[in-house]
Visitor: 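One structure is given below, represented as structure tokens, and several questions about it will come after.
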Amino acid sequence: MITFTHLHMEAALCIWEAMLEMRPDTHHSDFDRAACPQWKLDMDRMWHDYGTVSMREEAIRLAPIACECFDIIGHDRAEELDLIPYDWEFIPAFVARVDWTGRGIASADANDVARQLDPEPVPA
């Protein structure tokens with residue numbers, strides 16, 4: 001069982017906010033599916049299939065992964081990659097790289113997402 005820290009809870013809130021902000025409005029007749037990134041459509045389908053409570057739980061479950069990913073990249077490198085501020089840049093970039101195609105479970109690997117966000121890491 002994971003023990004959630006204050007940082008995990010802050011990350012969960014940021015993830016939830018990003019999910020709400022970036023969720024496409026697929027219910028309007030003028031919505032252009034072709035112009036919408038596939039991950040947003042996948043997230044919206046999961047939302048529709050499993051509901052808001054499950055999606056909020058996904059935000060909580062993804063929080064430690066987001067924190068680990070940020071630690072892998074590091075604050076200085078995140079700043080170089082324009083992923084700062086954390087809540088407005090890093091977290092939306094993280095959410096955009098989550099795999100939303102699972103059956104009720106979103107998946108993300110901290111190392112994989114870090115590689116996607118920083119394909120050319122600075123040598124330590």
Side-chain angles (χ1 to χ4, degrees):
M1 174 184 249
I2 296 175
T3 301
F4 289 93
T5 67
H6 178 83
L7 287 176
H8 292 148
M9 289 296 95
E10 183 177 13
L13 291 168
C14 292
I15 291 168
W16 179 241
E17 184 175 21
M19 289 167 61
L20 290 171
E21 181 71 25
M22 298 188 310
R23 185 177 182 196
D25 193 359
T26 58
H27 305 292
H28 281 81
S29 59
D30 62 345
F31 178 73
D32 183 3
R33 286 190 170 281
C36 188
Q38 185 60 47
W39 73 267
K40 285 187 177 187
L41 296 173
D42 293 338
M43 183 178 72
D44 187 63
R45 168 56 54 198
M46 189 172 165
W47 212 306
H48 178 344
D49 289 349
Y50 298 97
T52 299
V53 172
S54 291
M55 294 304 281
R56 199 168 31 245
E57 289 171 357
E58 289 305 297
I60 293 167
R61 197 182 58 71
L62 290 167
I65 301 168
C67 290
E68 181 182 355
C69 180
F70 189 81
D71 288 345
I72 290 167
I73 293 171
H75 185 276
D76 290 343
R77 184 67 176 150
E79 194 165 33
E80 291 172 16
L81 296 167
D82 292 324
L83 295 174
I84 300 294
Y86 175 85
D87 51 347
W88 294 110
E89 298 297 336
F90 173 77
I91 289 294
F94 173 84
V95 169
R97 284 155 181 87
V98 168
D99 179 358
W100 298 102
T101 61
R103 295 177 184 242
I105 301 289
S107 64
D109 174 87
N111 289 303
D112 182 51
V113 174
R115 279 190 295 276
Q116 290 178 55
L117 293 172
D118 189 5
E120 298 180 29
V122 175

Visitor: Can I105 be reached from Y50 by stepping across I, L, V, M, F, W or Y side chains whose heavy atoms are under 4.5 Å apart?
Guide: no

Visitor: Does NZ or CZ of R56 fall inside the cone over W16's six-membered ring, less than 6.0 Å from its centre and within 45° of the axis?
Guide: yes

Visitor: Extract all donor-acceptor atom pairs below 3.5 Å that involve side chains of residues 87-95 and protein atoms in other chains or at least two apart in sequence.
Guide:
none

Visitor: Using a side-chain heavy atom cutoff under 4.5 Å and only I, L, V, M, F, W and Y, what cluster partners does F31 have?
Guide: L41

Visitor: Could you report the tightest heavy-atom contact between I60 and A12, atom names first, then the distance?
Guide: CA-CB, 3.9 Å

Visitor: Quick one: closest heavy-atom pair of Q116 and P119, and the distance?
Guide: O-CD, 4.0 Å

Visitor: Heavy-atom distance under 4.5 Å between the side chains of M19 and W100, does that happen here?
Guide: yes

Visitor: For the CG atom of D82 and the CG atom of L117, what is their distance to the nearest 0.5 Å?
Guide: 12.0 Å

Visitor: Does L62 belong to the same Ile/Leu/Val/Met/Phe/Trp/Tyr cluster as M9, with side-chain heavy atoms less than 4.5 Å apart forming each link?
Guide: no

Visitor: Tell me, do M55 and T52 make a side-chain contact under 4.5 Å, heavy atoms counted?
Guide: no

Visitor: Determine the minimum heavy-atom distance between V98 and A108, stating which atoms define it.
Guide: CG2-CB, 4.1 Å

Visitor: Between L7 and F70, is there shared hydrophobic-cluster membership here, with clusters defined by ILVMFWY side-chain heavy atoms closer than 4.5 Å?
Guide: no

Visitor: Would you say E68 and I72 make side-chain contact, with heavy atoms under 4.5 Å?
Guide: yes

Visitor: Which value, rounded to the nearest 0.5 Å, describes the distance between E79 atom CD and I73 atom CD1?
Guide: 13.5 Å

Visitor: With heavy-atom distances below 4.5 Å as the criterion, would you say the side chains of E80 and D118 are in contact?
Guide: no

Visitor: Hey, are the side chains of W47 and E58 touching, using non-hydrogen atoms and a 4.5 Å cut-off?
Guide: no

Visitor: Would you find a donor on one side and an acceptor on the other, under 3.5 Å apart, between the side chain of H8 and the backbone of T5?
Guide: yes

Visitor: Would a hydrophobic clustering, with Ile, Leu, Val, Met, Phe, Trp and Tyr connected at side-chain separations under 4.5 Å, put L13 with L83?
Guide: no

Visitor: Check N111 against D109 and note the closest heavy-atom contact, atom names and distance.
Guide: N-OD2, 3.1 Å

Visitor: In Å and rounded to the nearest 0.5 Å, what is the CD to CZ distance from Q38 to R45?
Guide: 11.0 Å

Visitor: Check side-chain hydrogen bond (donor to acceptor under 3.5 Å, both in side chains) between T101 and all other residues, then give those that pass, not counting sequence neighbours.
Guide: D99

